[in-house]
Amino acid sequence: MEYNFREIEKKWQAYWAANHTFKVEEDASKPKYYVLDMFPYPSGAGLHVGHPLGYIASDIYSRYKRLCGFNVLHPMGYDAFGLPAEQYAIQTGQHPEKTTNDNIARYRSQLDRIGFSYDWSRSFRTCDPDYFKWTQWAFLQMFCSYYDNKKASARPIEELVAAFEASGTEGLDVACGEQMSFTASRWKALTPKEQSEILMNYRIAYQGETAVNWCPGLGTVLANDEVKDGLSVRGGFPVVQKKMKQWQLRVSAYAARLLESLESLDWTDSLKEMQRNWIGRSTGTEVVFKVETAGKTTDVTIFTTRVDTIFGVTFMVLAPESELVQALTTPERKAEVDEYIAAVSRKTERERIAETKTVSGVFSGSYGINPLTGEKVPVWISEYVLAGYGTGAIMAVPAHDSRDYAFARKFNLPIVPIIEGCDVSESSFDAKEGRMCNSAFLDGLTVAEAIPAAMDYVEAKGLGHRKTNYRLRDAIFSRQRYWGEPFPVYFEDGVAKPLPLEDLPLTLPSIDEYKPTEDGRPPLARAKDWTWNGYPLETSTMPGFAGSSAYYLRYMDPHNDSALVSREADGYWRNVDLYIGGTEHATGHLIYSRFWNKFLFDLGYVCEDEPFRKLINQGMIQGRSSFVYRVVGTNKYVSCGLKDSYKTQEIHVDISLVHNDRLDLEGFKAWRPDFADAEFILENGEYICGWAVEKMSKSMYNVVNPDDICERYGADTLRLYEMFLGPLEQSKPWDTKGIDGVHRFLRKFWRLFWDGDDFIVSDEAPSAEDLKTLHKLIGKERGDIEAFSFNTTVSAFMIAVNDLTDRKVSKRAVLEPMVILLSPFAPHIAEELWHALGHTGSVTFASFPEYHEEFTVENNCTYAVSFNGKMRFTVDLPKTCSREQVQEHVLAMEQSGRYLEGKTPLKVIVVPGKIVNIVVK
RNA sequence: GCCCGAGUGGCGAAAUGGUAGACGCGCUGGACUCAAAAUCCUGUGUCCUUAAAAGACGUGCCGGUUCGAGUCCGGCCUCGGGCACCA
């Protein structure tokens, strides 16, 4: 029997499905291990070979953990709400659910061919009402909660109401939009509607007026991480700033905790660093400047991280969107200021980014008073100051801030250096070094000393206080789309109210068309009766990240209809031990999920504060495009090596027509009509294509479908090859050049069991050599898998099989453990051979072979022994004895006094197999 | 501009501070074959020389620590990724 991977793989995939081999239940007698992949958004293009890279790695680890005796939860599902299905629906009128289901069916069949050990009984789609019921539920929990900074925890909103009734805002430290201050009696005097409006300022899910990223091309708002360079990540449409009333999540309340608990996570440093940057903690000082405007005085609070430079302030700047702009504009400046603000607001985000280097601004007519010097400085308005950060107002120190410097130069404002010896004639001196001067009590201090000294001074004089700011914004949570979770919210007299929990899920209404209404309202406004008990319902829907924020919890208990996850299931599975996915989710999903989890933790619904303990980012697999070279003006194609002798045009050619860079000439002619009568200029009788590494995409004809690889080489070869390609976390181009070698390895392994027609495994006892081969492999595999170094594990396997093939070893005692070792990587062939060896049941539940170091010891050999690198004598020792053994041996000789001549040995260093070096002083 | 990460044969890549290039691809030559495919064997960092052996040089560049550096430290160069008017 030859290795017939097609038959074997079909057989075992059917066996696993029929026997529910990978179905798991909570089992208190076994330790749990939770391995999760970032679930896919099923796009119309299907999977390409890059997608399964992480899935294969997590599957190998899951299977390995099962062999080690863990109860492994390894689920898979679909992130099914989203823009592409909706865009397609707008164009074709087809319901997005139909598109989504078609795509999911395709994904599922592609995934099934690769032989993953998922527990499919736990699978769900985020667009299933049974699932999004809990997305809506979580939203309502957030709507009915506020964040208490003192307790560092979310609390039910009733507690806040009780506090307002008892003593107003007195003594409260809670997360909010706008700082409010009122008494208990004032609160009680408010109408219910007014009270609701105030509570909106404190809810964790709240509705508020805010500048949003409005994308006219998509007809919806987008979150910050959905916008890149002023264009939408999906679709690439321009994005403009617009003020709109939107649902938002108070993620900013969790900024400090999100930052702190990063430390405890087993994530890569680069990913943690990305999150740190995104959260953007900065400690500084808020200082109050009194500003005079045509006789009136207004307090303006500014934020700075460099109070030490306050003696260098020569002007102040407000953001154009700052609420203070109107109050601080003098009548004679009003026209000019209004015009500037109008001009700024017309700009798109993209234009603002493009014009970063051009400096613009306008003088307000007001003057601020430096609280430390009493000096009067002009107040300007400029778009380089952002309304959304700090207080939307700054003190400008052009000598020591490059942006202030550029502004001062443009508008001819004074530049006063306050650090000794710095040169500000060409540019500002931003470095935090040197000694202070022209700064009264700070003179002579270093910058490092001056910063806290200035902070202390400002606080002592009551001019301001220390303040920590975060760059992390609240998440905009509404989308003007159809294909998302509806908000479980209705409006009574304009006041948003939660639907009762028993009415969840609130499912999508059917509508005739999926685009916005003519008057620009979201598609849900087209629904005939989008009301609840006669009250109008919210017409926007939730964004893509809503459904993906807590999906890992649902896998623990996917069919529970009375809770997102039961206390028992959550208590057993706790959180994800290993999460594998792409780095593109660093500042989106991975922040939202952590926030969402912490919120549920605060309310006691989950037992772990962090969702993902260990996280691995698999690299991207790029495409390797192939080119042919058409001689310009002809239908002749010249082979790559000869192309320099002609004037040629480079044309992408479908890589299915190319094998090892050689073009299939007939296939090429048949590919497209205009190539039908192509002529070729060959080198050595072959047409060699050129190539380049590019993103894998349809338009470059470089997409490789895993189905094709499974068909040609089998899923086991695909799995091994994807791992063999290089380190998991590294991006690399897909290149089928080496796949034959991996496939050859599997056939070699097979031939250790089958010789043509006969099963040739014997019960002969293994030799010392055989045991050495086996135990080297066991030791290597265990270490490498734990380190996620799968490429070297595959190599170790090849070495072992080469050894056995060379010695013609087909002994059960060696091959049986090797089948178990191979099973995480190539599960189908492993099952087949496991059964050929006479076992029943799946190899999944075998035990990982034990490792015995003594079996890896080789025969004696002669070591050279040297002192400080200088050769002295030789000694016979086992060929691969441990360093400790050699040290012991050599030190014993040292004690006999023969070699060291009275010198003290510092260290004995052994190069296995060859050299012993003794360091002496 | 700031913050990460990476630079090793023709290629993908290995190497707890200890024989650099394991393993695989490709290529060389050979066996089997009418032939091909498949399979097996041989060689394969560079240079010099050779019948053979033996040398010398080699991990982006310059320096340092060390008996010993691809690996650790300092300074550059190049490439990839992330952030970017965040005061």
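Predicted model, so just to flag it, every value in this text is computed and none were measured. In what follows, chains are A, B, ... by sequence order, proteins preceding strands, each numbered from 1.
- With sequence neighbours excluded, no residue forms a side-chain hydrogen bond (donor to acceptor under 3.5 Å, both in side chains) with A:Tyr687.
- The side chain of A:Glu383 lies closest to B:rC85 when the candidates are B:rA84, B:rC40, B:rC85.
- Rounded to whole Å, atom P of B:rG81 lies 17 Å from atom CG of A:Asn277.
- Between A:Arg276 and B:rC3, a side-chain N or O to OP1/OP2 separation shorter than 4.0 Å is absent.
- One P atom belongs to B:rG5, the other to B:rU19, and the distance between them is 26 Å to the nearest Å.
- Taking atom C1' in both B:rA14 and B:rG9, the straight-line distance is 13 Å, to the nearest Å.
- Rounded to whole Å, the P atom of B:rA6 lies 13 Å from the corresponding atom of B:rG60.
- Distances shorter than 4.0 Å separate some side-chain N or O of A:Arg744 from OP1 or OP2 on B:rC25.
- Nearest to the side chain of A:Arg751, among B:rC4, B:rU39, B:rG82, sits B:rU39.
- In terms of the side-chain hydrogen bond (donor to acceptor under 3.5 Å, both in side chains) criterion, A:Ser795 has no residue partners (sequence neighbours excluded).
- Closest to the side chain of A:Tyr384, from the set B:rG82, B:rC85, B:rC3, is B:rC85.
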Nucleotide N/O to protein N/O under 3.5 Å, stretch nucleotides 10-14 of chain B:
unit_1, atom_1, unit_2, atom_2, d
B:rG12, O2', A:Leu725, O, 2.6
B:rA13, OP1, A:Gln730, NE2, 2.5
B:rA13, O3', A:Asn791, ND2, 3.4
B:rA14, OP1, A:Asn791, ND2, 2.9

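- In this structure, A:Arg306 CZ and A:Lys432 NZ are separated by 6.0 Å, a value rounded to the nearest 0.5 Å.
- In this structure, A:Arg594 is positioned above the aromatic face of A:Trp267, its NZ or CZ under 6.0 Å from the six-membered ring centre and within 45° of the axis.
- Separation of the C1' atoms belonging to B:rA54 and B:rU66 is 30 Å when rounded to the nearest angstrom.
- Considering only side-chain N and O atoms, A:Tyr389 lies under 4.0 angstrom from the phosphate OP1 or OP2 of B:rA87.
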Solution key, residues 310-320 of chain A side-chain donor-acceptor pairs under 3.5 Å, sequence neighbours excluded:
unit_1, atom_1, unit_2, atom_2, d
A:Thr314, OG1, A:Pro414, O, 2.9

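- Taking atom C1' in both B:rU46 and B:rA51, the straight-line distance is 23 Å, to the nearest Å.
- For the OP1/OP2 pair of B:rG81 and a distance below 4.0 Å, the side-chain nitrogens and oxygens of A:Asn617 include no atom meeting the criterion.
- Using P as the reference atom, B:rU44 and B:rA22 are 10 Å apart when rounded to the nearest Å.
- Stretches of at least 3 consecutive Watson-Crick or G-U wobble pairs, with each checked distance under 3.5 Å, appear in RNA chain B as B:1-7 with B:77-83, B:10-12 with B:23-25, B:29-31 with B:39-41, B:45-47 with B:55-57, B:60-64 with B:72-76.
- Separation of the P atoms belonging to B:rC27 and B:rA36 is 16 Å when rounded to the nearest angstrom.
- Comparing the same atom, C1', in B:rU42 and in B:rA35 gives a spacing of 24 Å after rounding to whole Å.
- The aromatic ring centroids of A:Phe788 and A:Phe790 lie less than 6.0 Å from each other.
- For A:Asp664, there are no side-chain hydrogen bond (donor to acceptor under 3.5 Å, both in side chains) partners at least two apart in sequence or on another chain.
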